[in-house]
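Report on the structure given below.
In each ligand, atom 1 is the first atom listed, and ligand 1 is the first ligand listed.
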Amino acid sequence: MSVDRFTMTEEGVTQAMRAAYDRDGFLVVEGFASPEECGALSARIDSLIDAWEAPENPTVFGAHAADRYFLDSGDQIRFFFEADAVDEAGRPNRPVPTALNKIGHALHDLDPVFDGFFRSDRFRTLSQGLDLHDPRLLQSMVIFKQPGIGAPVGMHQDATFLRTDPPSVTGFWIALEDASLDNGCLLAVPGGHRGPLRKRFGRGEGDVLETRILAEDGGFGGKPVPLEVPAGTLIVLHGFLPHASGPNRSPRSRRAVTLHTIDGALPYPEDNWLQRRAGMKLRGF
Ligand SMILES: O=C(O)CCC(=O)C(=O)O
């Protein structure tokens, strides 16, 4: 299947873009971020890493059950390592900038460069064109796919991880570097957002993180297609869209930044893993 690709126009979200998003559950907008913006975000990521003092016991992303460093990162800027980039004692076995898997989860509220990028007219126009109701910026991340060791991300739906009642999460994924099959581009099941939510991840008894099965369906509704895109491309992801990404076994890095919004008018249950302390309110675009 060929993937429809768009660019932002004066008109904002066109009927064709809207139709593609409703049909596929994703929307590919090339040239959404300029090369200068991608460069500025990447430079900012480098300086955040430079300024970070890695703890004695760093956290590997994905190995975070009951881990306070992960659980309390909803209103922080925190750094998580790639599993293959730490030794048996959990310390990075290579320079930190090439060992990270993720930075998250409140860059959009705590860092002026990320704040300025995400809170721009373009995102506002886009979210209006997609009829997102009262979008509030809940979660932002830098997602690395380090050359040679970047791990795959399994097939999932974002509504598994961030829930309102009813579900309303929408993902915005922006490539800072070219993303192709060999360096771990996104993979998505076109139309898969019309299927049910399969799993729910959140806080259980004593804040232990747990995954509950809601619907048994290993197939995720179809065959995924690769979303190979040049740097600067935005991919909007419906909260129910099954998507994944491959490993990076290539010598080329693949960096992306992401933002997730929810409808601010809906209840946000306390068993969501991502919580903010009192006083740090969710804000819109
Ligand atoms: O960037 C990636 O490799 C995966 C991102 C993703 O699946 C997500 O943020 O939900």
Side-chain angles (χ1 to χ4, degrees), residues 24-29 32-33 38 41-42 45 60-62 64 70 73-74 78-85 100-108 114 118 137-163 167-190 192-193 197-202 211 220 224-250 252-262 272-274:
D24 296 333
F26 59 82
L27 177 66
V28 178
V29 187
F32 185 83
C38 292
L41 284 166
S42 252
I45 293 164
V60 168
F61 196 83
H64 45 230
F70 173 75
S73 66
R78 294 201 165 166
F79 300 71
F80 301 91
F81 282 106
E82 189 65 69
D84 282 355
L100 289 169
N101 168 288
K102 255 188 197 90
I103 306 175
H105 291 91
L107 291 142
H108 58 287
F114 279 83
F118 286 127
L137 283 58
L138 175 64
Q139 169 182 267
S140 50
M141 295 185 276
V142 177
I143 305 183
F144 301 90
K145 287 270 185 191
Q146 305 285 2
I149 57 160
V153 174
M155 194 58 75
H156 65 281
Q157 298 164 293
D158 289 342
T160 288
F161 299 97
L162 300 169
R163 193 185 99 212
S168 64
V169 67
T170 303
F172 300 85
W173 183 99
I174 301 103
L176 298 186
E177 297 172 316
D178 296 347
S180 54
L181 266 174
D182 67 326
N183 72 348
C185 68
L186 287 185
L187 310 162
V189 178
H193 62 304
L197 184 62
R198 274 68 170 195
K199 289 181 188 165
R200 167 88 189 116
F201 172 86
T211 303
F220 279 106
V225 296
L227 302 180
E228 297 191 285
V229 294
T233 302
L234 163 75
I235 302 177
V236 188
L237 300 160
H238 185 284
F240 273 30
L241 180 78
H243 64 283
S245 65
N248 184 0
R249 301 282 173 249
S250 82
R252 286 189 309 116
S253 163
R254 194 234 71 184
R255 275 184 181 185
V257 294
T258 66
L259 174 74
H260 287 89
T261 64
I262 52 169
N272 272 294
W273 83 264
L274 192 159

Q) Among protein heavy atoms, which lies nearest atom 3 (O) of ligand 1, and at what distance? A) Ser245 OG, 2.7 Å
Q: Identify the protein heavy atom lying closest to atom 6 (C) of ligand 1, giving its residue, its atom name and the separation to 0.1 Å.
A: His243 NE2, 3.7 Å
(Q) Determine whether a donor-acceptor pair (N or O, by modelled atom type, separation under 3.5 Å) exists between the side chain of Lys145 and the backbone of Gly246. (A) yes
(Q) I need the minimum non-hydrogen distance between Leu162 and His260, along with the two atoms involved. (A) CD1-CB, 3.7 Å
Q: Answer with side chain, backbone, both or neither: which part of Asp158 has a heavy atom less than 4.0 angstrom from an atom of ligand 1?
A: side chain
Q: For Thr160 and Arg200, work out which heavy atoms get closest and say how close.
A: O-NH1, 3.4 Å
Q.
In terms of relative ring orientation, are Phe240 and His238 parallel, tilted or perpendicular, with 30° and 60° separating the classes?
A. perpendicular
Q.
Parallel, tilted or perpendicular, judged at 30° and 60°: which one describes the rings of His105 and Phe70?
A. perpendicular
Q: Consider ligand 1: state whether an atom of it lies below 4.0 angstrom from any non-hydrogen atom of Phe161.
A: no
Q | Candidate with minimal heavy-atom separation from atom 7 (O) of ligand 1, of Lys102, His156, Lys145, Gln139 | A | His156
Q: Counting heavy atoms only, name the option from His260, Arg254, Arg255, Met155 that's nearest to atom 2 (C) of ligand 1.
A: Arg254
Q) Please state which protein non-hydrogen atom is closest to atom 9 (O) of ligand 1 and give its distance, to 0.1 Å? A) Ile143 CD1, 3.7 Å
Q.
In this structure, does ligand 1 have an atom that sits under 4.0 Å from one of the heavy atoms of Leu186?
A. yes
Q | Between CG on residue Asp182 and CZ on residue Arg249, distance to nearest 0.5 Å | A | 12.0 Å
